[in-house]
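Down below is the structure, laid out as structure tokens.
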Amino acid sequence: MGAVPARAASIDRPAAPCLIVNPLSFRASRGRELARLLATARARGLEIVEIDSMAALSGAVERILAQQQRHLIVYAGDGTVHAIVDQLASRAAGAWMPDLLVLPGGRSNMTAADLVAPGCTVAALERALDRLDDDVWDAALEERCILRVEQSPAPPRHGFLLGAALVHSVIRYCHDQRRRGGWRAGALSTPWCLLKLGVLSLFGRSGMACPKLRVVADGYGPLQGPLRVLLATTLRHPIGWFNPYADRGQGDLRVTAVSLAAPRFWWRLPRVLTGRFTAGMNEQTGYLSGRCRQLEVHGLTGYSLDGEKFDTDPERPVRISCGPRIRLLRP
């Protein structure tokens, strides 16, 4: 895992920060927050790029890289952030990268929640720009590893949060429900989908089964068999109660896997979701959780990376590790 790419040599007149906005993202498309954010950005002299496709997004990032604009601000959902991070991480080792501020403009905003405290997004932008005016943005920067997901011969994919096993099936179900439109795509769509799945499961009609996987993480014994949960991330989840990883092991990669055979799963679910694993919740009892440097999964047919769905070949292992490091701002 290499060091953070060095910045370019000093420039007398650095380019203005660039704000990339996806107006189609869930939160950005609702209410007046987007209008207020754009008004603030214009008043503070930011360059504003509104994207309407992945091709437009890729072109905008390429231009930012070519001009070496140091400060990149993104107001979008996890899917847009994933596309940007994947593009940055795919560059040659040691290549120049901008400093990145992620503002919550989507539905779940898992990446933004790692950096921006709950509250007014416009206020968070103003705090960030005040730091920039005072030339102290560096003091609030944090280096983070990007998650790397590999299955030969395909090129690696990059992001921050991977979900697999039954978790992936639930994410697919929620996406399918939202595509049906109407009230199913509203602010309460995820809770509604989970409630519906819970009711269907009580009658054995959810249509979902735990896939049989083999999970091998360095520093832990293997976990094999039908799995309910498989999560891997480089996020820290410092805000809120959701932090489903045990505080043990070494490395920047955090992983949690839970077997279907794990005893008292539903009784222990609050502990799993908050990372309060006991000594008895280990690989021998169907719970694998903690920090590591690399993870290998056998038998995987698909996974979700920052909410984006990908298919895989179950005949070949999927390797998950830490990719390049980037600089992220905590305003």
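The first residue in the sequence is number 1, and the count goes up from there. Note that the structure is predicted; figures quoted are calculated from it, not measured. Quick note: numbers below take in every heavy atom, side chains included, and nothing from hydrogens, waters or symmetry partners.
Here CZ of F310 is found 9.5 Å from CG of L162. Values are rounded to the nearest 0.5 Å. For the atom pair E150 CD and T312 OG1, the distance stands at 14.0 Å (nearest 0.5 Å). Within the model, atoms CH2 of W96 and CD1 of I64 stand 8.5 Å from one another, a figure rounded to the nearest 0.5 Å. To the nearest 0.5 angstrom, D252 atom CG is 5.5 Å from R325 atom CZ. Atom CG of L305 and atom CG of D86 lie 8.0 Å apart (nearest 0.5 Å). Rounding to the nearest 0.5 Å places CG of L101 at 11.0 Å from CZ of R131.
Salt-bridge check for E62 with R91: failed, with every basic side-chain N at 4.0 Å or more from each acidic carboxylate O. Between R330 and E142 there is a salt bridge, since a side-chain N of the basic residue sits under 4.0 Å from a carboxylate O of the acidic one.
Contact annotation: the side chain of V21 never approaches that of I51 to less than 4.5 Å [non-hydrogen atoms, C-beta and beyond]. Side chains of M110 and F160 form no contact here, defined as non-hydrogen atoms less than 4.5 Å apart. V216 places none of its side-chain heavy atoms less than 4.5 Å from the side chain of L295. Between R236 and R144, the closest side-chain pair of non-hydrogen atoms falls below 4.5 Å. In this structure the side chain of L103 reaches within 4.5 angstrom of the side chain of I73, judged on heavy atoms. Side-chain contact between S289 and V258: absent, with no pair of heavy atoms (C-beta onward) separated by less than 4.5 Å. Proximity of L37 to L125: side-chain heavy atoms (C-beta onward) are separated by under 4.5 Å at one or more points. Annotation: side chain of P156 is not in contact with side chain of R319 (no heavy-atom distance under 4.5 Å).
The salt bridge (Lys or Arg N to Asp or Glu O under 4.0 Å) contacts involving residues 255-269 comprise nothing, where partners must be two or more places apart or lie in separate chains.
The aromatic rings of F242 and H237 lie perpendicular to each other, with more than 60° between the two planes, well past the 30° mark.
Judged purely by atom type and a 3.5 angstrom limit, T80 has no side-chain atom pairing as donor or acceptor with the backbone of A76. H71 contributes no side-chain N or O that, together with a main-chain N or O of A16, makes up a donor-acceptor pair within less than 3.5 Å. Judged purely by atom type and a 3.5 angstrom limit, S58 has no side-chain atom pairing as donor or acceptor with the backbone of A55. The closest donor-acceptor contact from the side chain of D306 to the backbone of G79 lies at 3.5 Å or more, if one exists at all. N109 places a side-chain N or O within 3.5 Å of a backbone atom of G106 that can act as its donor or acceptor partner.
Using modelled atom types and a 3.5 Å distance limit, the side chains of E296 and H298 yield a donor-acceptor pair. A donor atom on one side chain and an acceptor atom on the other are not found under 3.5 Å apart for R271 and Y287.
Closest heavy-atom contact between M281 and R248: O-NH2, 2.9 Å.
Checking N243, L147, L231, T234 one by one against R254, the side-chain contact (heavy atoms from CB on, under 4.5 Å) holds for a single residue, N243.
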